[in-house]
Enquirer: 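Take this structure first; my questions come after.
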Number of protein chains: 2
Amino acid sequence: MLASPEHRLSPPDVQKIRAGMGASGKRVRQIERRCRAVGFKMTDVRRVLLHGIVEAGEGATAVEIWKVLRGMIAGHVPSQGSLQRNLNLLVEHGVLHRDVGSDRVWRYRVAPKDRPTLAVTFVDAGTGREIACHAPEVAELLRRIAARHGLAVREASITVAPSSVCAGEAR
Amino acid sequence: MLASPEHRLSPPDVQKIRAGMGASGKRVRQIERRCRAVGFKMTDVRRVLLHGIVEAGEGATAVEIWKVLRGMIAGHVPSQGSLQRNLNLLVEHGVLHRDVGSDRVWRYRVAPKDRPTLAVTFVDAGTGREIACHAPEVAELLRRIAARHGLAVREASITVAPSSVCAGEAR
DNA sequence: ATATCTGCAAACAGTTTGCGGCATG
DNA sequence: CATGCCGCAAACTGTTTGCAGATAT
């Protein structure tokens, strides 16, 4: 399982996208923004990947995307391994949706733009009063964990109690 | 790819089904009848397979069915190869339906009992008059070919013209 | 330094396929 | 004969995983 001596042959570069293609750079940048928003760090490979996803269109399979990339990139194309891995991550982060076609192959598509920042509310264990919680990081973490179980968070209410009250007494 | 010297170790036998199981023998015989109806020849292995399908319940996967069989048969259990092959055939013949679950694995279930002998009608190219065609073999052939493409025939109207009229002139 | 990312190739899982043997018509 | 079924094991296919070098924080 040993890899070849040379890694990262030549940095995958969005600039190397062949002229004429990449027409939808706008859409890509939009998705890119969304990635950052949900805490998905961008890299060269990933930026390139996004172009491939957009260019391949909705419902494309992993290899289809890869082939599209191979066609539109002049230099080095990300390995299928990295591609699949990043697709999975994008799904976990909720940027992409994924479902199986009748040929048992994953189809990817950009997730519908929901994101009303997801309603996270704290519920006071004692009074029952609700307190809105505008914490994108919390929302994101929940979304991430849920996604790991194939679920999508609709809303979350977190029962809390003043820190002075012991957990056991909470009601 | 050479097989071992001995084939058919011990004939798979429905009789060898462990006591207590096979409670749904009725349902099995019903499906068995349907198999014959669509021209799917029964064999020992296939009969056993049907028991497995029924016992495993709707939406079972191929290996699930196989495991169930392994649990309910005393003697020799059909190989997974044969099992899959026969499942495919059953799907082709329309006895089973098949679709993919969210884990990208085929799920099998007994096809809903439609079969109103499937309406096949001839439409006269000249007059537009419809002529019912009660030909189960035609219906079956269509069903089979359609199944090969993952489709299910709902109805078929075949435009025809009196044999004296050349195809090109038909309207 | 620690954490993350990537390429590569091996590993995986479910399914399909090729072959020889055998049984039946 | 010809046809078709079955067991076995190899082949296939899309996906996942382990490792080590590379990069970023």
Side-chain angles (χ1 to χ4, degrees), chain A residues 1-13 35-36 39-49 60-67 69-70 73 75-93 96 98-108 144 148, chain B residues 1-13 35 39-50 60-67 69-70 73 75-93 96 98-108 148 150:
Chain A
M1 230 194 242
L2 223 108
S4 94
E6 46 169 344
H7 286 251
R8 202 89 73 252
L9 317 145
S10 74
D13 192 349
C35 285
R36 277 188 220 284
F40 182 72
K41 200 167 63 175
M42 287 309 294
T43 69
D44 293 335
V45 169
R46 289 172 178 177
R47 210 169 342 256
V48 162
L49 173 53
T61 71
V63 278
E64 276 168 13
I65 295 174
W66 185 75
K67 285 179 183 167
L69 278 180
R70 210 179 35 177
I73 302 248
H76 169 243
V77 173
S79 73
Q80 292 206 28
S82 300
L83 190 148
Q84 301 256 20
R85 197 149 26 192
N86 282 307
L87 285 176
N88 288 347
L89 289 175
L90 283 170
V91 169
E92 266 184 27
H93 281 78
L96 293 184
R98 174 174 80 171
D99 30 31
V100 284
S102 55
D103 53 353
R104 315 189 310 118
V105 177
W106 291 125
R107 315 314 267 241
Y108 297 88
R144 214 140 120 186
R148 196 158 316 189
Chain B
M1 233 193 241
L2 224 106
S4 95
E6 47 168 341
H7 286 249
R8 204 91 72 254
L9 317 146
S10 73
D13 193 349
C35 286
F40 183 73
K41 199 166 65 173
M42 287 308 295
T43 69
D44 294 334
V45 168
R46 289 172 179 181
R47 210 169 343 258
V48 162
L49 173 53
L50 289 189
T61 71
V63 278
E64 275 169 14
I65 294 175
W66 184 76
K67 284 179 184 168
L69 278 179
R70 210 178 37 176
I73 303 248
H76 170 242
V77 174
S79 72
Q80 292 205 28
S82 300
L83 190 148
Q84 302 256 20
R85 196 147 28 191
N86 281 306
L87 285 176
N88 288 347
L89 289 175
L90 283 170
V91 169
E92 266 185 27
H93 281 80
L96 293 185
R98 173 173 79 172
D99 28 32
V100 284
S102 53
D103 53 353
R104 315 188 310 119
V105 177
W106 291 124
R107 313 316 266 240
Y108 296 88
R148 195 159 318 189

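Throughout, a chain's letter reflects where its sequence line sits, starting with A, and its residues are numbered from 1. Please read all numbers here as calculations on a predicted model, not as lab measurements.
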Enquirer: Which of these nucleotides, C:dT4, C:dG7, C:dT15, is closest to any side-chain atom of A:K41?
Expert: C:dT4
Enquirer: In whole angstrom, what separates A:H76's NE2 from C:dT6's C1'?
Expert: 9 Å
Enquirer: From A:E92 CD over to A:N86 CG, what is the distance, rounded to the nearest 0.5 angstrom?
Expert: 11.0 Å
Enquirer: Specify the separation, in whole Å, of atom CH2 of A:W66 and atom P of C:dG7.
Expert: 12 Å
Enquirer: Roughly how far, to the nearest 0.5 Å, is the OG atom of B:S82 from the CG atom of B:L89?
Expert: 10.5 Å
Enquirer: With sequence neighbours left out, what residues match B:T61 under side chain to side chain contact (heavy atoms under 4.5 Å, CB included)?
Expert: B:V63, B:E64, B:V105, B:R107
Enquirer: Working to the nearest 0.5 angstrom, can you tell me the gap between B:R47 CZ and B:C35 SG?
Expert: 10.0 Å
Enquirer: A:T43 side chain N/O closer than 4.0 Å to the phosphate oxygens (OP1, OP2) of C:dT6?
Expert: yes
Enquirer: Between the protein and nucleotides 12-14 of chain C, list the N/O to N/O atom pairs that are separated by less than 3.5 angstrom.
Expert:
none

Enquirer: Quickly work out the A:L87 CG to D:dT17 P distance and round it to whole Å.
Expert: 15 Å
Enquirer: Looking at C:dT16, I'd like to know if its phosphate oxygens (OP1 or OP2) sit under 4.0 Å from a side-chain N or O belonging to B:N88.
Expert: yes
Enquirer: Could you tell me which residues satisfy ring pair (Phe, Tyr, Trp, His ring centres under 6.0 Å) with A:Y108, sequence neighbours excluded, listed by chain and number?
Expert: none
Enquirer: Once you round it to whole Å, what is the distance between P of C:dT15 and CG of A:D103?
Expert: 14 Å
Enquirer: Could you pull out all residues at least two apart from B:T43 that satisfy side chain to side chain contact (heavy atoms under 4.5 Å, CB included)?
Expert: B:V45, B:R46
Enquirer: Round to the nearest Å and state the distance from A:I73 atom CD1 to C:dG7 atom C1'.
Expert: 16 Å
Enquirer: Can you tell me the distance, in whole Å, between the CG atom of B:L89 and the C1' atom of D:dC6?
Expert: 12 Å
Enquirer: In terms of side-chain heavy atoms of A:S79, which of D:dT16, C:dC5, C:dC8 is nearest?
Expert: C:dC8
Enquirer: Provide, to the nearest angstrom, the distance between the CG atom belonging to B:D44 and the P atom belonging to D:dG7.
Expert: 10 Å
Enquirer: Applying side chain to side chain donor-acceptor pair (under 3.5 Å), can you list everything that pairs with A:R98, at least two apart in sequence or on another chain?
Expert: A:N88
Enquirer: Using whole Å, what does the distance between atom C1' of nucleotide D:dC8 and atom CG of B:N86 come to?
Expert: 15 Å
Enquirer: Which part of the nucleic acid does A:R85 contact within heavy-atom distance under 4.0 Å: base, sugar-phosphate only, or nothing?
Expert: base
Enquirer: Under 4.0 Å: is that the gap between some side-chain N or O of B:S82 and OP1 or OP2 of D:dG7?
Expert: yes
